[in-house]
Amino acid sequence: MGDTATSSSTTAGLQLLQDPLLNRGTAFTEAERDELGLRGLLPPQVETIEQQADRAWRSVEAVEGTSATSRQLAQHITLRQLQDTNEVLFYEVLSRHVEEALPLVYTPTVGAACQRFSQIYRRPRGLFVSYPDRHRLREVLRNRPRAEVDVIVVTDGQRILGLGDQGVGGMGIPIGKLSLYTAIGGIDPARTLPIVLDVGCDDDDLRDDPFYLGWRHPRVTGEEYEEFVDAFVAAVREELPGVLLQWEDFASKNALPILDRYRDQLLTFNDDIQGTAAVVAGAMTGAASVSGTSLREQRVVMVGAGSAGIGVCDRLVQAMVADGATEDDAVAAVHVLDVGGLLVEGQAGLTPAQARYAKSAEQLAGWGVDVERRSELDLLTVVRNVEPTALIGLSSAHGIFTREVITEMASHVERPIVFPLSNPTSHAEAEPQDLSDWTDGRALVATGSPFPPVEQDGARRRVAQCNNVYVFPAVGLGVVASRATRVTDAMLLQAALALGEQSPVRHDPGGALLPEVADMPTAAVAIAEAVARQAVADGVAPEATDEEVAAAVRAARWTPAYR
Ligand SMILES: NC(=O)C1=CN([C@@H]2O[C@H](COP(=O)(O)OP(=O)(O)OC[C@H]3O[C@@H](n4cnc5c(N)ncnc54)[C@H](O)[C@@H]3O)[C@@H](O)[C@H]2O)C=CC1
Ligand SMILES: CC(=O)C(=O)O
Ligand SMILES: [Mg+2]
């Protein structure tokens, strides 16, 4: 009898140790070990979470690799294994080492983790919503590992960072983004759900790799794709009404149509289009104040007319209008290039969103180029003629901000604002140290992926990381705290303004354009409050005073502790 009881309680104990949400490892107390059938399953020492975190971080630091990239990938795997073993401890480690851990769980390392997803796969996390299961999507949603969910991040893996189609490997991105929803925004990890829509993969090499774990089929497109996404959204609405659904890393041709289709129907936003735009607007506010100019005076050149690039342009135009410009003047002050050169009127294949920025022959009169020949309207020519105050890259084109382009720009403006925002590091449009060297330290720089500080005249200056990670965790916190039912445009505008207000450069001209990475969780609280207040003002959240909103945001924040 006694033996049977012992064996069944030990099975329960083992199950507990294998559930990352419940497992406390060596932190289980003596009393818990007796009560939960853990006696003998753990080494005798009872540790604090601080001791555990110390050991865990040392093991991350001890990882070796044949190159910096392979070491970072191995460190990513170590951290992911910790996440799949003991989530509270994983977030304790992240919160103590945000600055060092962010590049390992997020860009740039998450890019390599997506590319090698099928090789480094260990345990499942989240949901794999696969096209062959299209008639069983509610069943798939019901099988979700966590019953109550506040936030879903979903990708179809087609445009992972600047790395193109990663098929099912795109799952690394929702996992990474949701880790930051928790580490920065304080969203309860038990209430997050990463999802990949596996609709095939157009990268033949990846699909033919014997280890590839996704559906081995070319991507489903057109009506079939739309119907599948529709069926997925319907299943989410049935199973998880009220969840925040974040779209991530969809190809341009799908990103905006999907956002337009659902933005008024459910609690949803597209991070690449709207989150990025809010962060860039926040960083631009800081940069404009250092350069002694106002937003309405900016002349912007955007390289990359994809979903992120056009989303940023729209948000900047809105900010310039709010600052006193007319809409026509603001749009005229934004020049957009894509493959082949400047966007011009009458150009074949432009989407309506891109056509807004296409320039007419009259607007380019005096440039001395043939407007019919777009190849003549290259970046250098555009910079020479526009004399931009701000140059932004969301193109994935590595090194496209050449010395010639930057010195030309810097010959016209005292403090050129240069944002090479493409990810991961290998796709950045320029290196911050080069930008500093080419402009004698005058350039105001922010990058998409982390870079080491730049050195100029013996001084070291931190490079701001202008990445949507400054906004999406805070939007999530604001939405959860206020119980919002929509993500309105005004909520994202408030996120941008609240971020801009926290730009260190506003009170220190030598400071960076965005708060330190280690200060992100604090910044997120202020941004979340602004988002939540606007949700109330827009009537998409229950009535609450500003004090109630602030209290709700504080109360909603999850912090790593064994409960
Ligand atoms: N820092 C941040 O927070 C964010 C960075 N990104 C990065 O921005 C990049 C683009 O993202 P999306 O707009 O979503 O992708 P996308 O694929 O929708 O757009 C990229 C655009 O750049 C164009 N392009 C490619 N090579 C070019 C060249 N040599 N010159 C001019 N245009 C060129 C493409 O034709 C395409 O229209 C990616 O590398 C992504 O990682 C995206 C979102 C947020
Ligand atoms: C940061 C991000 O969302 C991207 O590079 O796609
Ligand atoms: Mg993205």
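Order of appearance sets the numbers: ligands from 1, and atoms from 1 within every ligand. Because only heavy atoms are used, hydrogens play no part in the values below, and waters and symmetry mates are left out as well, while side chains stay in.
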Of all the atoms in ligand 1, which lie at a distance below 4.0 Å from a heavy atom belonging to Ser396?
9 (C), 10 (C), 38 (C), 39 (O)
Just let me know how Ala397 lines up against ligand 1, side chain, backbone, both or neither, with a heavy-atom cut-off below 4.0 Å.
side chain
Look at atom 5 (O) of ligand 2 and say which protein heavy atom is nearest, naming residue and atom and giving the distance to 0.1 Å.
Asn423 ND2, 2.8 Å
Between Phe472 and ligand 2, which part of the residue brings a heavy atom under 4.0 Å of the ligand: side chain, backbone, both or neither?
neither
I want to know if ligand 1 touches Cys466 in the polar sense, i.e. an N/O pair below 3.5 angstrom.
yes
So Val303 and Phe401, side-chain contact (heavy atoms from CB on, under 4.5 Å) or not? Walk me through it.
CA-CA 9 Å; Val303 185; Phe401 294 173; 3.8 Å; yes
Considering heavy atoms of the protein only, find what lies nearest to atom 3 (O) of ligand 1 and give residue, atom and distance to 0.1 Å.
Asn468 N, 2.9 Å
Nearest-contact summary for atom 44 (C) of ligand 1 - protein heavy atom, Å
Thr276 OG1, 3.0 Å
Residue and atom name of the nearest protein heavy atom (relative to atom 31 (C) of ligand 1), distance in Å to one decimal
Asp338 C, 3.3 Å
Identify, by atom number and element, the atoms of ligand 2 in contact range of Lys177, meaning under 4.0 Å from any of its heavy atoms.
1 (C), 2 (C), 3 (O)
Applying a 4.0 Å heavy-atom criterion (strictly less than), which segment of Val339 is in contact with ligand 1: side chain, backbone, both, or neither?
both
What part of His427 sits under 4.0 Å from ligand 2 if we count only heavy atoms: the side chain, the backbone, both or neither?
neither
So what does the Glu248 OE2 - the Mg ion (ligand 3) - Asp249 OD1 angle come to, to 10°?
100°
Out of all atoms in ligand 2, which are within 4.0 Å of some heavy atom of Leu161? Include the element for each.
4 (C), 5 (O), 6 (O)
Once rounded to the nearest 0.5 Å, what's the spacing between atom OG1 of Thr78 and atom NE2 of His76?
10.0 Å
Only heavy atoms of Gly448, strictly under 4.0 Å: list the atoms of ligand 1 that pass.
1 (N)
If you scan protein heavy atoms around atom 19 (O) of ligand 1, the nearest is Gly306 CA, 3.2 Å
First locate atom CG of Asp202, then atom NE2 of His217, and finally report the distance between them rounded to the nearest 0.5 Å.
10.5 Å
For Leu421 and ligand 1, does the shortest N/O to N/O distance drop below 3.5 Å?
yes
Classify the contact between Asp249 and ligand 2 as side chain, backbone, both or neither, using a heavy-atom distance cut-off of under 4.0 Å.
side chain
Under 4.0 Å from a heavy atom of Glu248: give me the atoms of ligand 2 that qualify, with their elements.
3 (O)
Does Phe250 have a non-hydrogen atom less than 4.0 Å from ligand 2?
no
Quick one: report the N, O or S atom of Asp272 that is nearest to the Mg ion (ligand 3).
OD1
Using a heavy-atom cut-off of under 4.0 Å, does the side chain or the backbone of Thr107 touch ligand 1, or both, or neither?
neither
Looking only at heavy atoms, is any part of Asp272 under 4.0 Å from ligand 2, and if so is it the side chain, the backbone, or both, or is it neither?
side chain
Which of the atoms of ligand 2 are close to Asn468, meaning less than 4.0 Å from one of its heavy atoms?
1 (C), 2 (C), 3 (O)
Pairs meeting criterion ring pair (Phe, Tyr, Trp, His ring centres under 6.0 Å) with involvement of residues 269-291, two or more places apart
none
Which heavy-atom pair separates Val463 from Pro432 by the least distance, and what is that distance?
CG2-CB, 3.8 Å
Counting only N and O atoms by type, is there a donor-acceptor contact under 3.5 Å from the side chain of Ser422 to the main-chain atoms of Ser395?
yes
Please verify the inter-ring angle class for Phe117 with Phe128; under 30° counts as parallel, over 60° as perpendicular, anything in between as tilted.
tilted
Please list, in number order, the atoms of ligand 2 under 4.0 Å from a heavy atom of Arg159.
6 (O)
Can you name the atoms of ligand 1, numbered from 1 with element, that are less than 4.0 Å from a heavy atom of Ile400?
28 (C), 29 (N), 30 (N)
I need the atoms of ligand 2 closer than 4.0 Å to a non-hydrogen atom of Tyr106, numbered in the order shown.
1 (C)
Between ligand 2 and Asn467, is the shortest N or O to N or O distance under 3.5 Å?
no
What residue and heavy atom of the protein are closest to atom 6 (N) of ligand 1, and at what distance?
Leu394 CD2, 3.6 Å
For ligand 1, is there an N or O atom under 3.5 Å from any N or O atom of Ala308?
yes
Mind checking whether Asp272 has an N or O less than 3.5 Å away from an N or O of ligand 1?
no
The closest protein heavy-atom partner of atom 17 (O) of ligand 1 is Arg159 CG, 3.9 Å
Checking Thr447 against Gln465: is there a side-chain donor and acceptor pair closer than 3.5 Å?
no
Test of understanding: given a 4.0 Å heavy-atom threshold, classify the contact between Ala251 and ligand 1 as side chain, backbone, both, or neither.
neither
Below 4.0 Å from ligand 1: does a non-hydrogen atom of His427 turn up there or not?
no
Taking only residues at least two apart or on different chains, which pairs with a member in residues 159-180 satisfy side chain to side chain donor-acceptor pair (under 3.5 Å)?
Gln83-Ser179, Tyr106-Lys177, Arg159-Asp249, Arg159-Asp272, Asp165-Arg219, Lys177-Glu248, Lys177-Asp271, Lys177-Asn468
